[in-house]
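Notes follow once the structure below has been shown.
Labels below follow one simple rule: chain letters A, B, ... track the order of the sequence lines, proteins then strands, and each chain is numbered from 1.
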Amino acid sequence: MSTLNTLNPHSWVDNHADYLYAYALSRISDDEQARDLVQEVFLAALEKVDRFEGRSSERTWLTAILKNKIIDIYRKRSSGLTNNKAEKAAVHEQEDFFHEDGHWREEHYPREMAVEGHDPLHNKEFQHVLQQCMQKLPALWLAVFTMKHIEDESTENICTELRVTSANFWVIIHRAKLNLRACLQKTWI
Amino acid sequence: MGPLKKIVYNCKQATFLIEKKLISKLTFREKIELRIHLYGCSVCRIFNKQSAVINQMVKQLFSDANSDQKHLDNDFKQGLQQRIEEELNKN
């Protein structure tokens with residue numbers, strides 16, 4: 001029994017608030033919403049305290065609650081009306097990447113990108129551009145992309161949570177990357 | 001057009017397979033098709049390379065965001081802990 005983790009709500013804010021806030025902010029890019037989420041997580045957690053079995057750490061447990069709330073936000077964002085417009089525009093744009101026979105259109109040829117400095121992974125400027133390009137994706141695509149590539153969620157889970165078919169999932173994964181890469185190339189010159 | 005010829009000339013399908021490869025396993029047939037396509041298509045070879053790098057960078061972006069933490073201000077935190085204490089006292 002001594003190896004089980006315990007919860008101590010009296011120090012939740014000190015120990016986890018900043019972490020949860022940064023976690024939420026990086027995923028939903030909305031400061032106010034991120035703050036609200038942190039509060040919601042703590043309040044929801046209080047109601048579940050007696051169901052905590054101690055098998056995971058306090059932080060892991062709180063983060064799991066946060067993850068579910070972020071997915072709710074993804075779902076809400078991607079079912080909005082404004083997003084449908086953005087999505088149509090992006091689909092349209094994507095159709096232009098290739099000729100009907102599947103060849104790249106010449107103006108969309110991927111080209112080598114020169115990232116200054118030797119380590120693009122730690123190039124702040126490039127990261128900023130990347131962030132901007134991600135925000136340009138339709139909300140549903142960004143949600144699918146993030147859940148797959150960052151959270152490592154299973155494809156089945158993503159399809160269920162975001163209510164997309166498996167066929168659409170693959171279309172979105174493909175298009176999201178085409179758009180993201182094209183945006184990087186356009187912006188980073 | 002035979003199925004093999006189709007993939008050799010189809011960059012749309014090739015880029016799709018590149019994305020698929022990054023998150024799940026390709027079938028044996030798909031692997032061969034992609035390899036043949038990439039052998040002959042320098043444009044998709046660039047896409048292939050960049051696509052993997054982009055994934056790495058996105059991961060990096062998110063882990064950086066978590067490590068060089070943006071902080072909540074103290075007033076907000078105090079209010080938050082107070083709220084928690086109130087809830088605890090209710091029970």
Side-chain angles (χ1 to χ4, degrees), chain A residues 9-14 17-23 25-27 31 34-35 38-39 42-43 45-47 49 97-99 101-104 109-113 115 120-124 126-127 130-131 134 145-146 148-152 155 170-171 173-178 180-181 184-185, chain B residues 1 6-20 22-24 37 41-74 76-91:
Chain A
H10 296 294
S11 52
W12 274 357
V13 171
D14 278 345
D18 281 329
Y19 173 83
L20 295 172
Y21 170 66
Y23 188 99
L25 192 59
S26 68
R27 281 157 180 81
D31 187 59
R35 285 160 171 263
V38 175
Q39 169 155 329
F42 287 140
L43 296 180
L46 284 175
E47 288 180 8
V49 163
F97 283 123
F98 303 99
H99 289 288
D101 61 6
H103 272 301
W104 285 99
Y109 272 10
R111 297 179 206 288
E112 299 279 358
M113 281 183 259
V115 178
L121 292 179
H122 294 95
N123 186 319
K124 287 284 168 208
F126 194 85
Q127 287 198 338
L130 178 60
Q131 218 161 11
M134 285 178 74
F145 184 86
T146 316
K148 190 72 224 178
H149 292 298
I150 307 298
E151 321 292 357
D152 266 327
T155 301
W170 287 107
V171 171
I173 282 287
H174 186 199
R175 288 179 179 174
K177 183 62 73 62
L178 284 168
L180 188 55
R181 202 213 60 82
L184 286 171
Q185 179 165 304
Chain B
M1 216 192 300
K6 234 185 224 163
I7 178 71
V8 171
Y9 295 111
N10 193 332
C11 300
K12 191 174 176 183
Q13 175 67 6
T15 52
F16 170 73
L17 290 180
I18 288 168
E19 290 313 302
K20 189 180 176 195
L22 287 171
I23 50 182
S24 74
H37 183 94
C41 179
S42 63
V43 181
C44 284
R45 281 204 297 273
I46 295 179
F47 182 94
N48 186 36
K49 198 172 62 182
Q50 291 178 344
S51 184
V53 173
I54 289 170
N55 277 17
Q56 263 178 289
M57 289 193 301
V58 171
K59 281 202 177 104
Q60 187 70 36
L61 185 68
F62 279 70
S63 65
D64 275 6
N66 285 347
S67 62
D68 50 53
Q69 296 219 354
K70 291 168 188 159
H71 295 286
L72 288 161
D73 54 277
N74 282 330
F76 184 81
K77 283 188 191 169
Q78 269 174 12
L80 207 52
Q81 190 60 50
Q82 220 165 358
R83 187 76 204 276
I84 291 172
E85 299 300 332
E86 278 166 26
E87 290 294 321
L88 286 170
N89 288 334
K90 274 189 202 164
N91 305 322

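- For K49(B), the part lying under 4.5 angstrom from a heavy atom of chain A is the side chain only.
- For Q50(B), the part lying near chain A is the side chain, with the backbone staying farther off; criterion is any non-hydrogen pair under 4.5 Å.
- With respect to chain A, the highest number of heavy-atom pairs below 4.5 Å among G79(B), C41(B), S51(B), S42(B) belongs to S51(B).
- If you measure heavy-atom distances from I173(A) to chain B, the contacts under 4.5 Å come from both the backbone and the side chain.
- For chain B, the nearby part of F42(A) is the side chain; its heavy atoms alone come within less than 4.5 Å.
- Ring-plane geometry between F98(A) and H174(A) is classed as tilted, the angle between the planes lying from 30 to 60 degrees on a 0 to 90 degree scale.
- Q81(B) places a side-chain N or O within donor-acceptor distance of the main-chain N or O of P9(A), the cut-off being under 3.5 Å.
- With a 4.5 Å cut-off on non-hydrogen atoms, R111(A) touches chain B through its backbone but not through its side chain.
- Using a 4.5 Å cut-off between heavy atoms, T155(A) does not touch chain B at all.
- Relative ring orientation between F97(A) and W104(A) is described as perpendicular, the plane-to-plane angle rising above 60° on a 0-90° scale split at 30° and 60°.
- If you check the side chains of R181(A) and Q185(A), you find a donor sitting under 3.5 Å from an acceptor.
- Heavy atoms of F76(B) lying under 4.5 Å from chain A belong exclusively to its side chain.
- Residue contact with chain A, scored on non-hydrogen atoms closer than 4.5 Å, involves the side chain of L22(B) exclusively.
- For the pair I46(B) and E112(A), the minimum side-chain heavy-atom distance is below 4.5 Å.
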